Amino acid sequence: KMEEFLNLTQLKTSLKEAILLDYYTAGFWWAKEMNFSLMQLSGFMDLLNFTLENLSSKHMTLGDNLKELERALAEIGETESAERGDLNLFSIEQAKAIIDYLVTSLFKNYKAYEYLFHSRGEEPVISNE
C-alpha cells in the first residue's frame, strides 16, 4: 500500500526508491506502535516528509533541519490547539519520542541520505539479480 501511495514505480531497480519505501514504512509502523491517533499519525508522517524534503529539496544542513523540526513541532501544537481546542497534537513525551525516532532513523544517517539525494546518480541496474 505504501508503495502505491508514494507512487514508487521502479522499486526493483532503484535503490533510492527502496530506501524511501523503507523510511516511510518504518516510520508508519513506529507511529502505529506508539498508538498515535489518526490525526497524530498524519502529523507524524508529515514530519517525516518535511524533514526528508528539507534534506533532499532544500539541501538543508543537519543543524538547520533540526531547527526546522523544532519549529514544525511547535506549529503543529499551535495549529491543532486553535482548531480543536486541544493543548497539543502531541504530548511532551510523544514529541520527545518523535525527536528520538528522527535522530535514530534520519539524522544519525544524514550523510548517507545526503549522498542518496545529491550524488551524481544511481548506477544502472541491468537485471533484478
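All figures in this text were calculated on a predicted structure; none of them were measured in a lab.
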Starting at [atom1] of [X], measure out to [atom2] of [Y] and round the result to the nearest 0.5 Å.
{"X": "His118", "Y": "Lys111", "atom1": "NE2", "atom2": "NZ", "answer": "10.5 Å"}
{"X": "Asp100", "Y": "Ser105", "atom1": "CG", "atom2": "OG", "answer": "10.5 Å"}
{"X": "Ile99", "Y": "Thr104", "atom1": "CD1", "atom2": "OG1", "answer": "11.5 Å"}
{"X": "Leu66", "Y": "Leu106", "atom1": "CG", "atom2": "CG", "answer": "9.0 Å"}
{"X": "Asn49", "Y": "Leu20", "atom1": "CG", "atom2": "CG", "answer": "9.5 Å"}

Do the side chain of Ser42 and the main chain of Leu38 share a donor and acceptor less than 3.5 angstrom apart?
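A pair under 3.5 Å: no.
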
Give a yes or no on whether the backbone of Asn65 and the side-chain of Glu68 come within a donor-acceptor separation of less than 3.5 Å.
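Looks like no, no N/O pair under 3.5 Å.
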
Please answer: with hydrophobic residues joined when any side-chain heavy atoms are less than 4.5 Å apart, are Tyr101 and Val103 in the same cluster?
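Result: yes, single cluster for both.
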
So which atom in [X] and which in [Y] form the shortest heavy-atom distance, rounded to 0.1 Å?
{"X": "Phe36", "Y": "Leu41", "value": "CB-N, 3.9 Å"}
{"X": "Leu89", "Y": "Gln94", "value": "O-OE1, 4.2 Å"}
{"X": "Ala95", "Y": "Leu73", "value": "O-CD1, 4.5 Å"}
{"X": "Leu48", "Y": "Gly27", "value": "CD1-CA, 3.7 Å"}

Does [X] reach the side chain of [Y], with side-chain heavy atoms less than 4.5 Å apart?
{"X": "Asp22", "Y": "Thr25", "value": "no"}
{"X": "Phe117", "Y": "Lys16", "value": "yes"}
{"X": "Ile19", "Y": "Tyr24", "value": "no"}
{"X": "Lys96", "Y": "Glu93", "value": "no"}
{"X": "Ser56", "Y": "Glu53", "value": "yes"}
{"X": "Tyr110", "Y": "Met60", "value": "yes"}

Salt bridge present between Glu70 and Lys67 (N-O < 4.0 angstrom)
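A salt bridge is absent here (no side-chain N lies under 4.0 Å from a carboxylate O).
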
Residues in ring pair (Phe, Tyr, Trp, His ring centres under 6.0 Å) contact with Tyr113, at least two apart in sequence or another chain:
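Applying ring pair (Phe, Tyr, Trp, His ring centres under 6.0 Å) to Tyr113 gives Tyr23.
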
Evaluate the side-chain contact (heavy atoms from CB on, under 4.5 Å) criterion for residues Leu55 and Leu62: first the C-alpha distance (whole Å), next the side-chain angles of each, then the deciding distance (0.1 Å), finally the verdict.
CA-CA 8 Å; Leu55 186 158; Leu62 175 59; over 6 Å; no

Starting from the C-alpha separation in whole Å, work towards a yes-or-no answer on side chain to side chain donor-acceptor pair (under 3.5 Å) for Asn54 and Thr51.
CA-CA 5 Å; Asn54 285 345; Thr51 54; over 6 Å; no

Ring centroid separation Phe44 to Phe28 under 6.0 Å:
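That pair fails the under 6.0 Å test.
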
